[in-house]
Amino acid sequence: EAELTIMALLEIRNLTVSFETAAGRFHAVRGLDISVDAGEVLAIVGESGSGKSVAMLAVMGLLPPTATVTADAMLFGGRDLLALSPAERRRLSGRDIAMIFQEPIASLNPCFTVGFQIMETLKRHTPLDAAGRRRRAVELLDAVGIPDPEARLSSFSHQMSGGQCQRVMIAIATACTPKLLIADEPTTALDVTIQKQILDLLLRLQLENGMALVLIT
């Protein structure tokens, strides 16, 4: 057991998340234990409102100030996530841990092109120059199955279908080849054929890049 704990990429023990509300403290997650090894696929399955997304947003450090997060352990690669400063969390998020959020059209910024949003991640987390970031963005859009990726860099989210926006979100999340990818209901609001394509794409990228994948559904 001790050896498994050391080897796990993500180790969570007794995670509790609560929120201050006008009606008092609301407990969204109680006593959650998760262990994810490098290269492993883990599904978190539960009904709406059971705390799946909240738990993973706690891992990402993206919960609002009204949230209180406690855990006996929340380790990523041996580092205590709860002890990291906000700046250290930002360096980790998008580079080593990435998340595909629900509702891709709402998650993409409608004021910026999809190319800008992909390259923004690369600018923050890689040493690539502007030309290198553009080449990498084209490669990413091609890898997730976007036709004519060079031209699509100039598109806005409202000019793309829901399935294409989800592929763009996957491109952004995998831009820096993270060690852990969290996919929060990545097939919501997509038709059945596109759902299968998105799941096949995630599993292919997981195998090619050796990522751990946490799939919320």
Side-chain angles (χ1 to χ4, degrees), residues 8-37 40-77 79-109 117 120-121 124-125 157 165-166 168-176 178-190 198 202 205-206 211-217:
L9 179 66
L10 177 67
E11 189 78 26
I12 297 174
R13 290 288 175 262
N14 195 28
L15 172 65
T16 298
V17 182
S18 59
F19 295 88
E20 284 294 343
T21 71
R25 184 170 292 277
F26 171 73
H27 290 274
V29 179
R30 296 175 186 262
L32 178 68
D33 294 340
I34 286 178
S35 181
V36 185
D37 292 334
E40 182 182 9
V41 179
L42 173 72
I44 300 178
V45 183
E47 63 187 17
S48 295
S50 60
K52 307 180 300 296
S53 299
V54 170
M56 291 301 100
L57 288 170
V59 172
M60 295 293 294
L62 294 177
L63 290 173
T66 53
T68 299
V69 179
T70 62
D72 293 342
M74 187 186 285
L75 306 175
F76 177 78
R79 299 178 68 186
D80 184 355
L81 292 177
L82 294 178
L84 297 181
S85 69
E88 289 172 322
R89 270 291 185 94
R90 286 194 295 272
R91 283 195 292 272
L92 200 67
S93 297
R95 185 190 66 190
D96 295 325
I97 310 176
M99 189 167 184
I100 303 166
F101 300 99
Q102 293 186 46
E103 302 296 340
I105 294 177
S107 298
L108 292 169
N109 192 322
Q117 292 179 75
E120 186 179 33
T121 299
R124 178 165 186 83
H125 294 297
S157 57
C165 287
Q166 189 62 284
V168 171
M169 285 296 300
I170 294 171
I172 293 171
T174 58
C176 300
K179 297 174 183 175
L180 172 64
L181 177 62
I182 301 168
D184 189 0
E185 301 198 37
T187 58
T188 299
L190 302 177
I198 293 298
L202 284 172
L205 292 172
Q206 182 266 332
M211 298 183 297
L213 173 63
V214 174
L215 180 65
I216 300 172
T217 185

Contact between [X] and [Y] at the side-chain level, heavy atoms closer than 4.5 Å - yes or no?
X	Y	answer
I34	I44	yes
Q102	S107	no
L57	D184	no
L108	I172	yes
C176	T121	yes
P186	L202	yes
L84	F76	no

Notebook entry, point to check: Do the side chain of D80 and the main chain of L75 share a donor and acceptor less than 3.5 angstrom apart?
Noted result: no
If you compare all heavy atoms of [X] against all heavy atoms of [Y], which two are closest, and at what distance to 0.1 Å?
X	Y	answer
Q206	M211	NE2-O, 3.0 Å
T217	E185	CA-CG, 4.2 Å
L82	R89	N-NH2, 4.1 Å
V54	L63	O-CD1, 4.0 Å
E11	A8	OE1-CB, 3.0 Å
S18	R25	OG-NH1, 2.6 Å

Checklist line | Inter-residue atom distance L10.CG - S35.OG, 0.5 Å rounding | finding: 7.5 Å
Check: How many angstroms lie between CD in E20 and OG1 in T68, if you round to the nearest 0.5 Å?
Finding: 6.0 Å
Next item on the list: Output, in order, the C-alpha distance, side-chain angles, deciding distance and verdict of side-chain contact (heavy atoms from CB on, under 4.5 Å) for V168 and Q117.
Entry: CA-CA 9 Å; V168 171; Q117 292 179 75; over 6 Å; no
Check: Looking at I97, L215, V41, I100, which one forms a side-chain contact (heavy atoms from CB on, under 4.5 Å) with L181?
Finding: I100
Next item on the list: Count the heavy atoms belonging to other residues, nucleotides or ligands that lie under 6.0 Å from NZ of K52, then report whether that count exceeds 12.
Entry: yes
Next item on the list: Could you give me the CA-CA distance, side-chain angles and deciding distance for L205 and L213, then say whether side-chain contact (heavy atoms from CB on, under 4.5 Å) is met?
Entry: CA-CA 10 Å; L205 292 172; L213 173 63; over 6 Å; no
Checklist line | Partners meeting side-chain contact (heavy atoms from CB on, under 4.5 Å) with E120 (sequence neighbours left out) | finding: F116
